[in-house]
Amino acid sequence: MSLIQNDFVIEIATVNGSGSQSANNIILRSLFRMGIPVGGKNLFPSNIAGLPTWFTIRANQQGYTARRENVDIFVALNPQTLEEDIPKIKKGGWLLYPEETKLPASAETSDLNKLPIPFKQLVDQATDSIKLKKLLVNMIYVGILGELLQISSEVLEKTVSDQFDGKATAIASNIKTLNIGRTYAKENLQSKGFPYRAVTIDKNVGKILIDGNTAGALGLLFGGCGFVSWYPITPSTSLVEAFASYAEVHRKNTDGTNNVAIVQSEDELAAISMVAGAGWAGARAMTATSGPGLSLMGEAAGLFYYGELPGVLWDVQRVGPSTGMPTRTAQGDLLSAYSLSHGDTKHVVLLPGSAEECFEFGQTSLDLAETLQTLVIVLSDLDLGMNFWMADEFKYPTKPFQRGKVLSADELNKAKDYARYKDVDGDGIPYRTLPGTQHPKASYFLRGSGHSEKALYTENSEAYQKVIDRLSKKYETAKTLVPKPEVIENAKANMGLIAFGSTSLPMKEALDTMESKGLPLNYLRIKALPFTKEVDEFVEKQSTIFVVEQNRDGQMAMLLKTHYPQAAAKIRSVLHYDGLPMTAQNIYSPLLNEKGLSL
Amino acid sequence: MSLIQNDFVIEIATVNGSGSQSANNIILRSLFRMGIPVGGKNLFPSNIAGLPTWFTIRANQQGYTARRENVDIFVALNPQTLEEDIPKIKKGGWLLYPEETKLPASAETSDLNKLPIPFKQLVDQATDSIKLKKLLVNMIYVGILGELLQISSEVLEKTVSDQFDGKATAIASNIKTLNIGRTYAKENLQSKGFPYRAVTIDKNVGKILIDGNTAGALGLLFGGCGFVSWYPITPSTSLVEAFASYAEVHRKNTDGTNNVAIVQSEDELAAISMVAGAGWAGARAMTATSGPGLSLMGEAAGLFYYGELPGVLWDVQRVGPSTGMPTRTAQGDLLSAYSLSHGDTKHVVLLPGSAEECFEFGQTSLDLAETLQTLVIVLSDLDLGMNFWMADEFKYPTKPFQRGKVLSADELNKAKDYARYKDVDGDGIPYRTLPGTQHPKASYFLRGSGHSEKALYTENSEAYQKVIDRLSKKYETAKTLVPKPEVIENAKANMGLIAFGSTSLPMKEALDTMESKGLPLNYLRIKALPFTKEVDEFVEKQSTIFVVEQNRDGQMAMLLKTHYPQAAAKIRSVLHYDGLPMTAQNIYSPLLNEKGLSL
Amino acid sequence: MSEVVAGQNKIGLTKSEYAGSKSTLCTGCGHDSISANLMTAFYQQNIHPHNVMKLSGIGCSSKTPAYWLNQSFGFNSLHGRMAPVATGAKLVRPHMLALGVSGDGDTASIGIGGFMHLLRRNLPMVYIVANNGVYGLTKGQFSATSDQEMQQKSGKKNPFHAIDICSLAVDAGCGFVARTFSGDAKQLIALVSAAFHHKGTAVIDVISPCITFANHDGSTMSYTAVKNKNHHLQELEFILESAESKVDYEEGTTQRVKFNDGTELVLKKLDSRSHDVSNADDAIVLLRNSRAKGEILTGLFYANEDEKTLVEVLNLPAKSIGDMNEADLRPSAQTLSNILENFR
Amino acid sequence: MSEVVAGQNKIGLTKSEYAGSKSTLCTGCGHDSISANLMTAFYQQNIHPHNVMKLSGIGCSSKTPAYWLNQSFGFNSLHGRMAPVATGAKLVRPHMLALGVSGDGDTASIGIGGFMHLLRRNLPMVYIVANNGVYGLTKGQFSATSDQEMQQKSGKKNPFHAIDICSLAVDAGCGFVARTFSGDAKQLIALVSAAFHHKGTAVIDVISPCITFANHDGSTMSYTAVKNKNHHLQELEFILESAESKVDYEEGTTQRVKFNDGTELVLKKLDSRSHDVSNADDAIVLLRNSRAKGEILTGLFYANEDEKTLVEVLNLPAKSIGDMNEADLRPSAQTLSNILENFR
Ligand SMILES: Cc1ncc(C[n+]2csc(CCOP(=O)(O)OP(=O)(O)O)c2C)c(N)n1
Ligand SMILES: Cc1ncc(C[n+]2csc(CCOP(=O)(O)OP(=O)(O)O)c2C)c(N)n1
Ligand code: SF4
Ligand code: SF4
Ligand SMILES: [Mg+2]
Ligand SMILES: [Mg+2]
């Protein structure tokens with residue numbers, strides 16, 4: 001038996017509300033602390049308790065931490081899903097299950113190593129409380145996996161105590177249970193030939209393990225967001241809740257007052273409208289939502305665009321259409337976000353592809369919203385927002401906030417014939433004033449109806465057109481200000497691959513695989529709309545462009561074809577839209593297949 | 001002096017709420033009744049009374065009835081706008097104005113024939129009532145123009161009495177006033193050399209003169225629309241109000257009950273939601289709105305798409321973004337309508353380009369909504385919806401309603417393993433049942449959340465994907481069912497022009513002009529999304545394609561590039577987006593210019 | 001009426017024919033009790049599932065229509081849009097019974113506009129608010145019906161006034177307004193049964209504890225809180241005919257609400273504050289006072305069978321619009337010609 | 001306080017400095033009177049336009065903020081969204097006075113959700129509903145405040161109940177609820193002046209006839225109807241200090257509403273029904289009865305200075321969020337490191 005070090009996928013099947021989340025976290029984080037690159041994905045149902053949930057952990061020394069199709073080690077605590085779970089396990093993989101579970105026929109015929117575990121008996125040793133048993137049973141498998149993988153007790157126990165953050169009884173009972181599992185494994189499973197091992201290495205120096213929603217919340221916190229209005233919706237809720245809990249502490253003044261206003265609104269129409277009012281009044285303001293909420297914000301989005309109001313709308317995408325699958329991931333809101341609202345409206349869209357970028361764009365989005373005086377839509381997704389991503393420790397921002405062209409009373413004194421909607425600098429970006437500015441020229445009347453450069457009501461064709469043509473120019477200016485794409489050129493390649501957002505996670509693995517199979521590709525990851533000149537250049541250079549995205553209709557490909565008509569004919573779509581986080585195989589399989597290359 | 005017969009543009013400038021509308025109508029309709037092709041455009045402000053309004057009438061024997069830039073005969077009843085109005089008048093054109101009006105300097109220097117008219121004095125002869133004077137003064141210019149143009153008294157008076165539909169006193173006083181104007185002109189203006197003449201011809205046999213909103217309302221009436229919910233918004237209001245007033249009479253049973261339910265809702269979210277409920281329950285149901293309302297309907301639009309609910313959303317477009325210019329025309333909602341709602345949603349969109357098509361699509365939209373079990377968005381616009389268009393008399397529909405695949409209890413008895421969302425016929429269109437069907441298999445649970453073919457809740461990737469892939473297939477089927485484009489090939493041409501909607505009105509004039517100037521073009525007018533195979537073929541054949549549309553961003557061009565990547569590079573945009581109805585010159589000028597051809 | 005067979009109701013259906021799919025709510029959720037009681041009411045009232053439209057918005061509460069009457073027609077719509085969806089459906093099929101289950105977030109937050117305008121229009125339907133004072137499905141945020149000072153699990157207190165579904169409904173002119181508790185089978189079933197027979201909109205605010213996010217100390221809507229604070233205004237009995245009443249109530253202690261089809265709801269006054277339920281002013285003041293005291297007052301607050309319903313206002317015919325076809329909906333060729341005459 | 005110069009108010013501004021652009025409404029529109037009276041109130045109350053945020057939705061009424069106080073900061077937002085827009089703006093600049101003008105359609109139809117939740121949150125602002133019972137800007141359709149049986153110009157009758165802005169506001173916990181008539185300068189100015197000093201949301205329902213679409217016989221909101229049906233509940237006088245009152249009222253016939261800044265609104269009871277305006281129950285019942293009688297009752301209905309405002313609930317600091325920058329909004333580098341420790 002040859003050992004397999006630091007390269008395995010564990011999946012735990014259970015039901016939600018059963019408390020396995022913290023157990024899974026402990027395994028994940030312990031591996032992370034051993035310096036092994038890891039990723040964790042929680043596949044949960046859209047209800048509160050009692051339905052199937054799966055948690056997968058991938059540990060991989062090369063840093064391939066995306067989801068992977070075949071599970072090496074499967075912990076089957078949910079007999080209901082066992083039948084559908086068995087096929088997920090790799091040939092020769094390992095199945096841990098409660099000994100009383102009757103395995104389906106498929107388990108018998110599959111090439112599997114089966115480890116029946118006396119969970120009940122073991123947890124009985126840990127506690128007499130029925131309520132606690134339900135929770136602690138999860139620590140049994142933590143202990144067993146810890147022993148099988150040879151995660152040191154020290155690391156595991158430290159992680160447990162961090163997880164239960166000072167709560168001594170909880171820590172003690174969890175460690176006790178964990179060790180019951182551990183001991184059981186030591187005594188009973190050593191001879192089974194379990195090949196996977198976690199070995200301490202040093203790949204995670206300077207790294208953190210975090211979800212994108214928390215990262216985004218931190219970005220907004222350090223980026224100076226002063227106003228948040230939101231209406232709860234999965235999977236964006238945790239972003240605002242994280243922001244609120246940090247702000248609760250870190251925006252609190254010594255007299256107990258708060259340097260932030262957070263309002264849970266009555267619906268999404270109100271949430272985005274509040275942001276409009278707050279942005280107008282001078283706050284760096286934002287709202288967060290998901291698909292249905294995005295649609296409800298359509299009318300107001302047009303007001304931001306046309307009235308030139310700063311604001312950030314953070315959309316954590318889930319599977320549509322309509323209510324869709326609220327707890328599954330997708331990138332299906334791209335087209336809606338880009339042209340959200342009737343009439344000629346188009347938005348600046350940021351596309352974070354990592355936890356670092358969630359943190360960074362939390363700040364950039366506010367800077368751009370104020371600089372460009374417009375709505376900035378950040379499109380994250382459930383995979384990026386709610387799963388566990390490795391990231392470089394976030395860098396403390398040193399640059400001041402970019403607040404754009406705001407005229408104070410003093411500056412107004414100097415300004416000759418100031419007009420709110422006039423292009424003074426040739427970049428399409430006008431100057432604005434804030435309510436309360438003590439100057440007769442400061443006041444103007446913001447409206448979503450036809451207005452002239454002087455912000456006066458108009459139905460005059462030229463006056464109207466002047467303003468909307470300037471808005472087009474401003475959108476051109478945005479191209480020079482939005483985040484530039486990530487580009488990885490491959491000297492051997494003449495074809496290119498374009499992706500964005502959470503598709504970045506499996507990309508390195510996919511590109512490496514394709515290169516090794518004879519399909520080297522140049523790679524560009526778009527981080528924003530409008531497309532910057534780096535995108536122009538990349539598109540021009542490739543002989544064929546594969547656009548990989550997580551939606552059915554190839555929405556990014558549509559936008560690319562539209563913006564690069566000369567290149568439209570060479571654009572091809574690679575689509576994945578089943579609601580599950582993207583794997584490397586989702587990318588390389590169709591491409592290698594099509595090129596007649598085999599794995 | 002040579003006479004110009006049946007080829008002139010009259011413009012009347014006044015303020016809204018002054019009652020000139022009926023006077024203008026009388027001139028327009030009298031010319032129409034003389035068999036001369038005419039078009040009438042009302043340019044009105046977004047308030048109720050007191051702001052500038054212009055009405056233009058174009059009479060043209062060749063049938064060029066679109067707006068034209070240069071006015072031949074200008075009636076200036078609004079001194080406030082005179083300064084800006086003067087330049088609109090053609091060199092050598094005619095200006096009628098109240099004698100007491102002080103003309104601006106520009107009027108003195110321009111090459112104009114000025115006819116000061118003693119309006120006050122003349123109307124004083126008509127009535128002593130101050131209130132009536134305000135209204136009747138408009139009939140003075142009707143009389144004068146009638147005389148100048150030599151519209152027979154008989155025609156004019158008959159039109160007046162039809163206009164005031166049996167109200168004897170109103171008819172008498174209007175005719176009296178009209179004749180005061182007429183007499184004045186006969187006595188004072190005959191020597192002025194006014195060259196324009198209206199001469200009876202026979203071009204309008206079998207024609208009517210109607211606005212698209214009324215035409216649409218009639219289409220819906222005869223198309224079997226049984227449920228309407230709406231929230232007032234310009235310029236869609238008159239469609240529903242017309243439908244309601246016809247339904248009031250023609251859907252009334254002898255016992256006073258109504259074969260229609262019309263609900264003025266509290267907002268657009270409610271309006272479209274009511275349509276969803278009504279469509280589900282088996283009615284042919286619709287709502288009408290304009291830009292802001294379209295945006296508010298975004299969330300529900302996704303429910304129609306994914307839940308497969310029939311319904312019609314009639315959007316009479318106005319100028320955006322945001323509130324924009326509510327009384328100006330545009331085609332800026334195309335992209336929003338196409339992909340209305342988050343996630344992978346795409347809609348069937350109908351694009352009527354004439355009053356006939358408003359009538360026809362009033363029926364077709366209901367047929368398609370039920371056949372395809374989806375939302376059908378009809379995109380009209382203010383120009384088509386509210387201005388006066390010539391049309392062939394509408395043909396009474398002879399075909400039965402197309403109600404799609406609805407299973408009765410009897411049919412369910414025969415159906416084996418019926419499933420609501422299953423593709424039985426290979427066209428992507430499933431079978432549905434209506435609430436109340438007395439059969440155990442009839443019931444299903446409609447939801448916008450993830451569902452299987454059996455309409456059961458699902459978060460399963462394959463089950464989910466099966467349904468949304470079928471929706472794509474259904475959209476393919478739609479291509480074979482939606483109205484086919486109008487195509488006019490020109491043997492001399494290798495380039496093509498694509499347009500849609502109200503841009504059709506000036507198109508003949510534009511094409512004729514271009515051909516005469518050495519730029520013959522093939523022409524295709526799109527009537528629907530998705531594009532049909534006729535569009536495929538046309539696009540393929542042209543060496544260059546000019547896409548003419550009334551929006552800033554070239555939205556139709558974007559969709560064409562997206563759908564025809566091979567042709568993307570040859571697609572060029574011709575855009576007009578100042579809020580005014582399209583003219584032939586708006587089309588041919590940029591094209592001739594670019595080709596170095598001169599007028 | 002056909003003979004009644006044991007284990008079947010008067011229309012020959014067994015109770016299991018009123019069942020739905022398995023609930024996916026948390027064990028112990030108040031909403032599951034509502035489902036169970038609704039099933040009983042439908043069964044007892046001999047309503048055939050085929051004649052029922054069940055509607056909902058989005059939320060744990062709005063999932064429940066999937067858990068009863070599988071043989072009826074369900075529409076799980078959008079968050080906050082149950083009211084207008086029901087309006088469209090009911091107007092097209094007025095003969096069917098429409099029952100909606102919404103949540104407090106679904107009704108009083110995002111859906112308050114639709115709710116209030118439904119009441120103004122008096123759409124014939126039974127409108128149930130499964131009210132737990134929180135957004136269950138998004139994990140326990142306060143809703144607009146959360147009592148002021150109610151605590152979240154985290155200890156965070158709600159700073160805002162609660163919207164009282166019942167006083168709001170009475171002031172909006174709703175002709176059947178009641179409150180009950182999810183677990184109070186007797187009261188709930190009596191109210192729902194009566195609501196089936198009310199001609200217009202019937203609103204029933206059902207306090208329905210969220211066991212996961214609002215069942216702790218500090219929650220004013222926990223099972224314990226409801227137990228302690230629930231005051232029954234009346235004892236309720238729904239009867240199909242005047243003669244049927246099993247109980248002989250003392251003169252003056254009862255009020256009978258008569259529905260147009262001859263059925264009645266008999267109210268036996270239990271509380272000294274028990275008012276004349278035809279008096280809306282008294283109902284509102286009673287509700288306001290009881291709210292101020294922090295109690296949960298249950299019973300029927302207001303009843304009025306005189307207001308026109310939307311179906312009546314629109315004067316819809318006996319034949320459902322949903323069943324109409326060319327003959328009903330397409331005017332004649334002559335009509336078209338006549339109309340077109342005006343455009344010449 | 002600086003000396004007052006003739007033709008100027010105490011802050012040295014002339015009345016013309018409170019002017020706005022020329023109105024584009026119909027001649028005789030009630031809304032124009034509201035504008036004129038608002039200007040006077042701002043002038044008289046010595047409020048500097050620079051310190052005012054004026055907000056609106058969409059409608060004829062919502063256009064009016066363009067017609068007064070050109071030197072203030074205006075936000076003509078979206079149809080039905082004035083309330084949330086005001087919420088965002090006011091929280092960011094709590095020191096500025098926020099006054100909104102909305103219509104009955106804007107508030108009671110499409111905007112009812114935002115309105116009710118604004119009231120729940122008690123956002124400090126003056127909320128004026130310019131109420132004409134119709135959608136003026138879209139040509140006279142009934143709105144949610146149209147009285148039942150009110151007729152359109154065409155003779156069509158409104159079949160639905162009116163939403164009563166005032167009883168709704170009282171029940172929702174609003175602490176300043178009044179009604180007046182656009183043309184009643186004295187009452188309107190007194191109410192608006194007092195509203196400027198109220199700590200939370202002040203709702204003033206201003207009956208404002210639409211001369212074009214609702215001024216005919218059969219309209220219950222025409223000038224004639226208002227003239228005939230307007231009953232003043234009280235005579236109102238707003239005073240800056242207790243001592244200032246010019247009138248000496250008889251004991252028992254007056255009530256004084258005191259605001260936290262020492263100003264007062266003196267109410268002299270004119271109607272026998274005149275109640276204690278601190279009693280919400282009485283206010284609601286009074287409003288309901290008066291509505292049933294078809295009269296237009298004007299005056300102050302409810303006042304309560306005790307409820308926390310949203311600014312207080314959020315515990316916002318003296319410095320406006322709108323004036324904050326890095327120093328106030330960006331925690332330290334150390335804080336970031338500490339936080340990141342939890343993600344290792
Ligand atoms: C437009 C929209 N916004 C937000 C959500 C997320 N969401 C789902 S349910 C819910 C609240 C449910 O609360 P309630 O109606 O009280 O039902 P409960 O779960 O408490 O029974 C929310 C906010 C959504 N589905 N749609
Ligand atoms: C979303 C949206 N829907 C509809 C409209 C059209 N619209 C403009 S004003 C208005 C109603 C105005 O009524 P009200 O608020 O009572 O104001 P009034 O004109 O009567 O003063 C409507 C429906 C709109 N602008 N936006
Ligand atoms: S979260 Fe609350 S409301 Fe939702 S199912 Fe669980 S107990 Fe019920
Ligand atoms: S339509 Fe009515 S509300 Fe609008 S401006 Fe004219 S009078 Fe005023
Ligand atoms: Mg709830
Ligand atoms: Mg109004």
Side-chain angles (χ1 to χ4, degrees), chain B residues 32-33 208-210 218 221-222 224-227 229 246 250-251 253 255-263 265-267 269-271 273-285 299-300 303 393-394 396-397 400-401 434-440 442-449 457, chain C residues 21 24 48-51 53 55 58 63 65-66 69-78 80-81 83-93 95-96 113-114 116-117 121 310 314-326 328-333 335-337 339-340 342-344:
Chain B
F32 171 73
R33 288 174 174 192
I208 54 174
L209 186 65
I210 195 168
L218 289 171
L221 184 78
F222 288 87
C225 178
F227 183 90
S229 178
Y246 288 121
H250 304 296
R251 288 286 182 79
N253 298 309
D255 63 357
T257 58
N258 303 303
N259 287 352
V260 69
I262 305 176
V263 183
S265 62
E266 58 275 21
D267 60 20
L269 295 98
S273 299
M274 288 187 198
V275 173
W280 172 70
R284 314 195 104 195
E299 190 199 11
L303 177 63
E393 192 169 290
F394 302 153
Y396 186 73
F401 302 155
L434 299 181
T437 306
Q438 302 288 315
H439 194 283
S443 60
Y444 72 99
F445 201 58
L446 190 132
R447 45 164 70 84
S449 46
Y457 183 82
Chain C
S21 310
T24 61
H48 198 293
H50 291 353
N51 299 329
M53 300 198 280
L55 301 123
I58 296 284
K63 286 178 184 241
L69 263 65
N70 256 352
Q71 307 261 324
S72 66
F73 297 85
F75 195 143
N76 177 202
S77 68
L78 298 170
R81 310 292 156 224
V85 168
T87 304
K90 175 72 184 185
L91 290 177
V92 167
R93 302 222 168 253
H95 301 302
M96 292 182 74
M116 292 202 51
H117 284 88
R121 297 190 187 103
L310 185 57
L314 296 176
N315 204 4
L316 297 179
K319 182 169 184 180
S320 297
I321 291 174
D323 290 331
M324 291 185 182
N325 228 315
E326 291 81 358
D328 313 289
L329 297 172
R330 183 182 275 165
S332 69
T335 302
L336 181 59
S337 321
I339 290 172
L340 294 184
N342 296 310
F343 299 97
R344 271 180 232 277

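The figures that follow rest on heavy atoms only: side chains count, while hydrogens, waters and symmetry mates do not. Below, chain A is the first sequence line, B the second, and so on; all start at residue 1.
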Taking all non-hydrogen atoms of both residues, which atom of B:Ala283 and which atom of C:Val92 are closest, and how far apart? CB-CG2, 3.5 Å

Which one of C:Thr24, C:Leu55, C:Asn51, C:Thr335 has the most heavy-atom pairs closer than 4.5 Å to chain B? C:Thr335

I'd like to know which of B:Asn259, B:Val275, B:Ile208 tops the heavy-atom pair count under 4.5 Å against chain C. B:Asn259

If you take all heavy atoms of C:Pro84 and B:Ala270, which pair is closest and at what distance? CB-O, 3.5 Å

B:Phe445 to C:Phe75 - nearest heavy-atom pair and separation: CE1-N, 4.0 Å

Is a side-chain donor or acceptor of C:Glu326 paired with a backbone partner of B:Phe401 at a separation under 3.5 angstrom? yes

Given 3.5 Å as the limit, does a donor-acceptor pair link the side chain of C:Arg93 with the main chain of B:Ala281, or not? yes

Of the non-hydrogen atoms in C:Phe73 and B:Leu434, which two are nearest, and what is the gap between them? CE2-O, 3.5 Å

Contact origin within B:Ile262 toward chain C - heavy atom pairs under 4.5 Å: backbone

Using a cut-off of under 4.5 Å for heavy-atom pairs, which of C:Ser21, C:Gly74, C:Pro49 has the most such pairs with chain B? C:Gly74

Under 4.5 Å from any heavy atom of chain B, what part of C:Met96 do you find: side chain, backbone, both or neither? side chain

Report which part of C:Leu340 has an atom under 4.5 Å of a heavy atom belonging to chain B: side chain, backbone, both, or neither. both

Rounding to 0.5 Å, atoms CZ (C:Arg81) and CD (B:Glu299) come to a distance of 6.5 Å

Heavy-atom nearest pair, B:Ala261 first then C:Ile321, reads N-CD1, 3.6 Å

Heavy-atom pairs under 4.5 Å with chain C, option from B:Ala276, B:Gly279, B:Pro397 with the top count: B:Pro397

Under 4.5 Å heavy-atom distance to chain B, tell me which part of C:Ile339 shows up: side chain, backbone, both or neither. side chain

Heavy-atom distance under 4.5 Å to chain B: side chain of C:Asp323, backbone, both or neither? neither

Flag the one option from B:Pro435, B:Gly436, B:Gly226 with the top tally of heavy-atom pairs under 4.5 Å to chain C. B:Pro435

With a 4.5 angstrom heavy-atom cut-off, is it the side chain or the backbone of B:Ala285 that approaches chain C, or both, or neither? neither

Spacing of CG belonging to C:Asn342 relative to CD1 belonging to B:Ile210, to within rounding of 0.5 Å: 9.0 Å

Check each atom of B:Ala300 against the heavy atoms of chain C and say whether the ones under 4.5 Å are side chain, backbone, both or neither. both

Side chain, backbone, both or neither of B:Leu209 within contact of chain C (heavy atoms, under 4.5 Å): both

For the side chain of B:Arg251 and the backbone of C:Leu329, is there at least one donor-acceptor N/O pair under 3.5 Å apart? yes

To the nearest 0.5 Å, what is the distance between OH (B:Tyr396) and OG (C:Ser332)? 6.0 Å

Which atom names give the shortest non-hydrogen contact between B:Gly256 and C:Asn315, and what distance separates them? O-ND2, 2.9 Å

Hey, which of C:Lys319, C:Arg121, C:Met324, C:Met53 has the most heavy atom pairs under 4.5 Å with chain B? C:Arg121

What do the steps show when you test B:Glu393 against C:Arg344 for side-chain contact (heavy atoms from CB on, under 4.5 Å), and what is the final call? CA-CA 9 Å; B:Glu393 192 169 290; C:Arg344 271 180 232 277; 2.7 Å; yes

Specify which of B:Leu218, B:Thr437, B:Asp255 makes the most heavy-atom pairs with chain C at under 4.5 Å. B:Thr437

Bottom line for B:Val263: the part with an atom under 4.5 Å from chain C's heavy atoms is side chain

Tell me, side chain or backbone of C:Ala333 under 4.5 Å from chain B's heavy atoms, or both, or neither? both

Side chain, backbone, both or neither: which part of C:Pro65 has a heavy atom under 4.5 Å from chain B? both

